[in-house]
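First comes the structure, then the notes that go with it.
Here the structure is a predicted model, which is why all the values come from computation and not from measurement. Chain identifiers are assigned alphabetically (A, B, ...) following the order of the sequence lines, protein sequences preceding nucleic acid strands; residue numbering begins at 1 within each chain.
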Amino acid sequence: MIDIKLLREDPALVRASQRARGEDEGIVDAILAADESRRSSLTEFERLRAEQKSVGKDVARAQGAQRAALLARTKDMAARVKELESAAAAAQEQLDALMYRVGNIVEPGVPVGGEDDYVVRKTVGTPRDFAVEGFTPKDHLELAEGLDAIDMGRGAKVAGARFYFLKGVGARLEMALLDVAMHQAVAHGFVPLVTPTLVMTDIMRGAGFLDEHAEEVYHLQSDDLWLTGTSEVALAGYHSGELLDLANGPLRYAGSSTCYRREAGSYGKDTRGIIRVHQFNKIEMFVYCDPAEAAAEHERLLAMEEEMLGKIEVPYRIIDTAAGDLGGPAARKLDCEAWVPTQGRYRELTSTSNCTTFQARRLNTRFRGASGRNEIAATLNGTLATTRWIVAILENHQQPDGSVVVPAALREHVGLDVLMPIG
RNA sequence: GGAGGCGUCGCCUAGUCCGGUCUAUGGCGCCGCACUGCUAAUGCGGUUUGGGUUCAUCGCCCAUCGAGGGUUCAAAUCCCUCCGCCUCCGCCA
């Protein structure tokens, strides 16, 4: 949620941000009006409540007929106070409902437009030329089946479409990848956390995952808990309601969790293999810091992702996502996309977002600012490894015989230099 | 699964049985001022967090005793639900 004071003081800024996102800018005026009515109804309530309290003290002191007279008066007043209180609460609710619909203020410099209007910041590495090498590359699933590394059929039998088993070298490869990512995180001072994957509604909403894409999230109705699509959710909730000490710099965490996504509305997209699945594993970086340091911290998270991508030795590019493609909490989002030979295009492997104070305001996460005042902290997140990385590793390191060379940095963790087809 | 105890403004703590004098007690810590070669000690004052009002300051007001409801003229205090911590019993490993 953005700061209502900012909206009051600089509505044009909020309108511009909404416009950049391709969202309703008329909501700004609706909020100003709702804020006005909230404040006037609150003032009205508070005035009568103050009177009620002071008369209540007289009641305590009064005796006999005088007391009865006061009671008659305060009885009516109590009913009126109750009305005004619920009117004020309703006005607050109305304002909140509108505020929850406003995305974070887009960071200056973010490209304007939609999904296809990203700006490529940098391209690293050169895709292999399989024509020159003299063979047609297999896609990740065909390779994995040859290696007996992924079993989609049995995944579907047991859990349905978009579920799978990682098996043998597939399982080993995933664990190695997550392990290498976690080691890197620790080496850079991140604190490892294995997080809950079920969270309460307040946390899910606070992290910003129930605003527009609630249908993307699995919900356990009988317990009213939500399955997280990323450990970002639990990590954002980790310090909710707390006053942080950031005097020694940002708090940096590396969360490890299984992630669950309903993938509603993606029928027919990426149906082959493990590119888009309902369940996968991820190492996620998460940072709490002073908002003044957030942009610099964002670059640090990106550097972490690049270091990790360097270890799997695949060509990739970095894109600056356009405003219209940002999630509500993000002020800026930078994705690293790896080259997938059989698709002839780059696919997202990591995503790092600067959420500034958007999540922390909802989750009431503050810190003691330089001025001595309590301020809302900034939060950032970024991917360090996911199951999907296997796709890029298999396809980019395949050989004509269907074997796959393990990138040097993973070899010790996998326990193999080359993954060999079975049979 | 069953029985019970507990949660107070940084930390500890009084208050809850029996509703009003709670504007939440006291200690520690912290901040300011005074005194003082310096430090310490001492004294005095301040010290939850949000919000409203105000151009702003001072101030005034509202909410806040784990969270949310309820009863009442009035709730830290009574009732209900939830969250968390602890103890015991049962069951499973």
Side-chain angles (χ1 to χ4, degrees), chain A residues 1-10 31-100 195-207 210 219-226 228 233-234 236-248 251 357-377:
Chain A
M1 177 146 60
I2 65 164
D3 187 355
I4 182 84
K5 283 184 204 132
L6 176 71
L7 188 143
R8 281 204 288 255
E9 282 159 20
D10 195 354
I31 288 172
L32 289 171
D35 184 41
E36 201 51 56
S37 93
R38 168 197 147 251
R39 281 191 285 170
S40 69
S41 66
L42 187 61
T43 303
E44 215 181 325
F45 157 69
E46 285 182 352
R47 189 184 307 124
L48 194 68
R49 173 73 177 144
E51 192 183 341
Q52 184 196 25
K53 283 173 72 170
S54 95
V55 176
K57 276 172 196 164
D58 296 339
V59 171
R61 279 189 293 267
Q63 295 293 327
Q66 198 184 15
R67 186 183 174 99
L70 279 172
L71 279 181
R73 199 180 140 205
T74 54
K75 249 174 196 171
D76 290 343
M77 201 182 283
R80 181 77 186 127
V81 164
K82 206 158 261 187
E83 276 169 36
L84 290 175
E85 184 172 25
S86 68
Q92 177 74 56
E93 232 167 85
Q94 217 157 29
L95 174 64
D96 286 345
L98 289 169
M99 285 296 285
Y100 268 83
T195 67
T197 53
L198 284 169
V199 300
M200 292 190 280
T201 303
D202 287 352
I203 301 298
M204 192 52 102
R205 191 189 303 116
L210 295 182
H219 182 220
L220 275 67
Q221 206 160 12
S222 52
D223 297 284
D224 197 22
L225 289 169
W226 304 79
T228 57
V233 180
Y238 187 66
H239 284 305
S240 61
E242 297 182 21
L243 189 61
L244 304 176
D245 181 3
L246 298 179
N248 299 316
L251 298 178
T357 57
F358 189 90
Q359 292 176 322
R361 182 168 293 103
R362 289 183 177 190
L363 291 164
N364 190 29
T365 308
R366 297 166 303 159
F367 71 104
R368 186 78 64 184
S371 60
R373 296 285 306 163
N374 295 335
E375 297 175 37
I376 306 284

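- Look at CG on A:Leu48: it is 12 Å from P on B:A74, rounded to the nearest Å.
- Both distances falling under 3.5 Å, in either a Watson-Crick or a G-U wobble arrangement, place B:U87 opposite B:A3.
- Across all strands shown, B:G59 forms a Watson-Crick or G-U wobble pair with B:U53, both key distances being under 3.5 Å.
- With both ends at atom C1', the span from B:G59 to B:C65 equals 26 Å, rounded to whole Å.
- Remark: P of B:G51 and CG of A:Asp35 are 12 Å apart, rounded to the nearest angstrom.
- For B:G46 and B:G27, the P atoms lie 13 Å apart once the distance is rounded to whole Å.
- Listed pair A:Arg49 / B:A63 meets the phosphate criterion, a side-chain N or O lying under 4.0 Å from OP1 or OP2.
- Separating the P atom of B:G43 from that of B:G26 is a span of 15 Å, rounded to the nearest Å.
- You'll find the side chain of A:Asp3 stays beyond 4.5 Å of the side chain of A:Ile376, heavy atoms only.
- Looking at heavy atoms from C-beta onward, A:Tyr100 lies in side-chain contact with A:Arg362 at the 4.5 angstrom threshold.
- Looking at heavy atoms from C-beta onward, A:Leu210 lies in side-chain contact with A:Trp226 at the 4.5 angstrom threshold.
- Going from the P atom of B:U23 to that of B:C85 covers 34 Å, rounded to whole Å.
- In this structure B:A34 sits in a base pair with B:U42, meeting the Watson-Crick or G-U test at under 3.5 Å.
- Distances shown here put a side-chain N or O of A:Lys53 below 4.0 Å from the OP1 or OP2 atom of B:A63.
- Distance CD (A:Glu36) to C1' (B:G52): 12 Å, rounded to an integer number of Å.
- For the pair A:Ala50 and A:Arg366, both in contact range of RNA chain B, the more 5′-proximal nearest nucleotide belongs to A:Arg366.
- In this structure, B:A93 forms no base pair with any nucleotide, since neither Watson-Crick nor G-U wobble geometry is met with both distances under 3.5 Å.
- Rounded to whole Å, atom P of B:G68 lies 13 Å from atom CD of A:Glu93.
- Atom CD of A:Glu46 and atom P of B:G50 are 16 Å apart (whole Å).
- Place A:Arg39 and A:Met200 on RNA chain B by their nearest nucleotides, and A:Arg39 ends up nearer the 5' end.
- Classification of A:Glu36 and A:Arg39 as a salt-bridged pair holds, one side-chain N sitting under 4.0 Å from a carboxylate O.
- With both ends at atom P, the span from B:G7 to B:G15 equals 11 Å, rounded to whole Å.
- Note: CZ (A:Arg8) to P (B:U54) measures 12 Å, nearest angstrom.
- Look at CG on A:Asn374: it is 6 Å from P on B:U49, rounded to the nearest Å.
- In plain terms, the two heavy atoms of A:Ala234 and A:Thr195 that are nearest each other are CB-CB, 3.7 Å.
- Spacing of P atoms, B:C86 relative to B:G29, comes out at 30 Å, to the nearest Å.
- Residue A:Arg38 places at least one side-chain N or O under 4.0 Å from the OP1 or OP2 atom of B:G52.
- In this structure, B:G10 forms a base pair with B:C28, meeting either the Watson-Crick or the G-U wobble geometry with both donor-acceptor distances under 3.5 Å.
- Side-chain atoms of A:Leu244 and A:Arg366, non-hydrogen and from C-beta on, never get closer than 4.5 Å to each other.
- For the C1' atom pair drawn from B:A67 and B:G50, the interatomic distance equals 16 Å after rounding to whole Å.
- Across all strands, A:Leu71 comes closer than 4.0 Å to base atoms (heavy-atom distances).
- Rounded to whole Å, the distance from CD on A:Glu51 to P on B:G52 is 23 Å.
- Residues A:Ala377 and A:Ala360 approach most closely at O-CB, 3.2 Å, considering heavy atoms.
- Here the shortest heavy-atom pairing between A:Val233 and A:Ile203 reads O-CG2, 3.5 Å.
- Ion pairing of A:Arg80 with A:Glu83 is present here, as a side-chain N (NZ or NE/NH1/NH2) and a carboxylate O approach within less than 4.0 Å.
- Rounded to whole Å, the P atom of B:C78 lies 23 Å from the corresponding atom of B:G84.
- B:U64 is unpaired under the criterion used here, namely a Watson-Crick or G-U wobble arrangement in which both key atom distances are under 3.5 Å.
- Sorted by residue number, the members of residues 78-86 of chain A with any non-hydrogen atom under 4.0 Å from RNA chain B read A:Ala78, A:Lys82.
- Dashed line: the shortest gap from a side-chain N or O of A:Gln52 to OP1 or OP2 of B:A74 is under 4.0 Å.
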